[in-house]
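Chain letters run A, B, ... following the sequence lines, proteins first, then strands; residues in each count from 1. All of these numbers come straight from a predicted model, not from anything done at the bench.
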Number of protein chains: 2
Amino acid sequence: MTLTEEVARKKRISESTIHRLSLYFRALSLLEKEDYETVSSKELAKREKLTPAQVRKDLSFFGSFGTRGLGYPVQELKKRISAILGIDRTWRVALIGIGNIGSALVSYKEFMKQGFNIVKLFDNDQRKIGSNHKGIVVSDINNLAEEIREANIQVVIIAVPATVAQYVVDDIVAAGVKAILNFAPLNLRVPDDVYIRNENMSMELEYLSFAMVNNHTPKKVR
Amino acid sequence: MTLTEEVARKKRISESTIHRLSLYFRALSLLEKEDYETVSSKELAKREKLTPAQVRKDLSFFGSFGTRGLGYPVQELKKRISAILGIDRTWRVALIGIGNIGSALVSYKEFMKQGFNIVKLFDNDQRKIGSNHKGIVVSDINNLAEEIREANIQVVIIAVPATVAQYVVDDIVAAGVKAILNFAPLNLRVPDDVYIRNENMSMELEYLSFAMVNNHTPKKVR
DNA sequence: ATCGTTTTGTGAACCATTTCACATTTCTCA
DNA sequence: TGAGAAATGTGAAATGGTTCACAAAACGAT
């Protein structure tokens, strides 16, 4: 077990902290482009609308990366965070469902930039099977499990209609996939050792709606 | 001020509670289709991987909608939640940026279902301007503010590249828009009275990556 | 070398959210 | 009509997350 693993297990890093690491990574990428050598928790916080204490506390869960009086070395910290997040490597990703959302995601460059390489596409529509998207030929969903295994897929993105999503998930779980990003608006059942995250785009619109109707004044804006 | 507003102000409803309301709404829609008359907090919780106490506490912030011994009336509760979330009406939405993501969102039926009607499309690309997407003609981003005002837009979805997102936001804020859903991966500056939510699709993949690399065992899975 | 300034790293204090636990209500069935 | 079962609503307790505040460290200027 690596040091990072150890720490993450012991201290039970919160979901919020992990999400903020993503924000720090993003800010650091920009700072790097702007030729910053170092950055203070204050500046980092300002750029992502957080507090300096929050930044320092988050980072402190994983080690002490800064220099008192100076701040954090931009390049170094960026590397550290990418290692913590596990995006210092490439992940083999399959995308299932080449509809509206699916097609958009194939071309979504942010995924590739963070090391998520979409290498397989699946659909059940005969008109789509065999077609080419960004150099990848769409496979038939029929022998999904087998192809997923053969292609050594580590992460699956679900972009199929809600009605069939559970079947698809059962298949890919059987194929040994341990990480799923789900765009279908329903709660999917997976075994305990499978990580699943839901991307529910209506939810944020609903939050906006709630805020407007109720004049909501949240303590914090994510 | 309505009762709901009053409650939301006083008790400072948390973001998590609001997000869970979205989940309850979704579950209730399904239950309604399945012809359930009533539902218990237990069943509702099970369907969204929450706890019964959580469900009851969330709902209790807004009133007491259930009957002891029986549960909650499905239709009635669904209506109540949709009123609380403000999705018992239609919102006029403009979508800016008709690229990968943008085009996908125009056809994304979930938005329409929840009352978010995309009625205006904008882009700065001459090849796209004038083209028709789902019956809506793409307008030039040039006189954005004016057109937004004229069309009485209440919500704007930003699907432009990060490099231009801030300019677009400044324009729509000037046009009086108070709610923004941002897909560009950066932190946008808006005045305090403007609600903005970020949809960062890489973030969830990064969470999955973190979880795999660190054998993360979160207390709760969202 | 020393002083003042800056800024980290981190326990402790604080605040927010979740869970517990139970009184209360309603329903059902005999 | 009454007893048992089911399930809500809600204070209180427990847990978890954020902010505070300050000692310690490093730097820069003199």
Using a cut-off of 4.0 Å on non-hydrogen atoms, how would the nucleic acid contact of T17(B) be classed: base, sugar-phosphate, or nothing?
-> nothing
Separation of atom CD1 in I18(B) from atom P in dA16(C), rounded to whole Å = 15 Å
Let me know the distance between CG of D58(B) and C1' of dT8(D), rounded to the nearest Å.
-> 14 Å
Whole-Å distance, H19(A) NE2 to dT18(D) P, equals 13 Å
Out of dC20(D), dT18(C), dA24(D), minimum distance to the side chain of Q54(B) belongs to dT18(C)
Regarding R47(B) and the six-membered ring of Y36(B), is the cationic atom NZ or CZ under 6.0 Å from the ring centre and inside 45° of its axis?
-> yes
In whole angstroms, how far is the P atom of dG17(D) from the CG atom of L21(A)?
-> 14 Å
For Y195(B) and H216(A), does a side-chain donor sit closer than 3.5 Å to a side-chain acceptor?
-> no
Between CD1 of I13(B) and C1' of dT17(C) the distance, given in whole Å, is 12 Å
Any Y72(B) side-chain N or O less than 4.0 Å from OP1/OP2 of dG9(D) = yes
Would you state whether a donor and an acceptor, one from the side chain of R68(B) and one from the base of dT26(C), lie under 3.5 Å apart?
-> no
How many Å lie between CD on E15(B) and P on dT18(D), as a whole number?
-> 11 Å
Whichever of T51(B) and F65(A) has its nearest DNA chain C nucleotide further upstream toward 5' | F65(A)
Would you call R26(B)-E110(B) a salt bridge at under 4.0 Å N-O?
-> no
Using a strict 4.0 Å threshold on nitrogen-to-oxygen distance, state whether D193(B) and K178(B) make a salt bridge.
-> yes
From CD of E37(B) across to P of dT26(C) the rounded distance in Å is 19 Å
Per atom distances to the S40(A) side chain, the nearest of dT8(D), dG9(C), dT8(C) is dT8(C)
Rounded to whole angstroms, how far apart are CG on L50(B) and P on dT19(C)?
-> 9 Å
When the ring planes of F210(B) and F62(A) are compared, do they come out parallel, tilted or perpendicular, using 30° and 60° as the limits?
-> perpendicular
Is any side-chain N or O of S41(A) closer than 4.0 Å to OP1 or OP2 of dT8(C)?
-> yes
Under-3.5 Å donor-acceptor pair between R56(A) side chain and dT8(C) base = no
Of the listed nucleotides dT10(C), dC27(D), dA7(D), the one nearest the side chain of K57(A) | dT10(C)
Against the side chain of S16(A), the closest entry in dC20(C), dT18(D), dT8(D) is dT18(D)
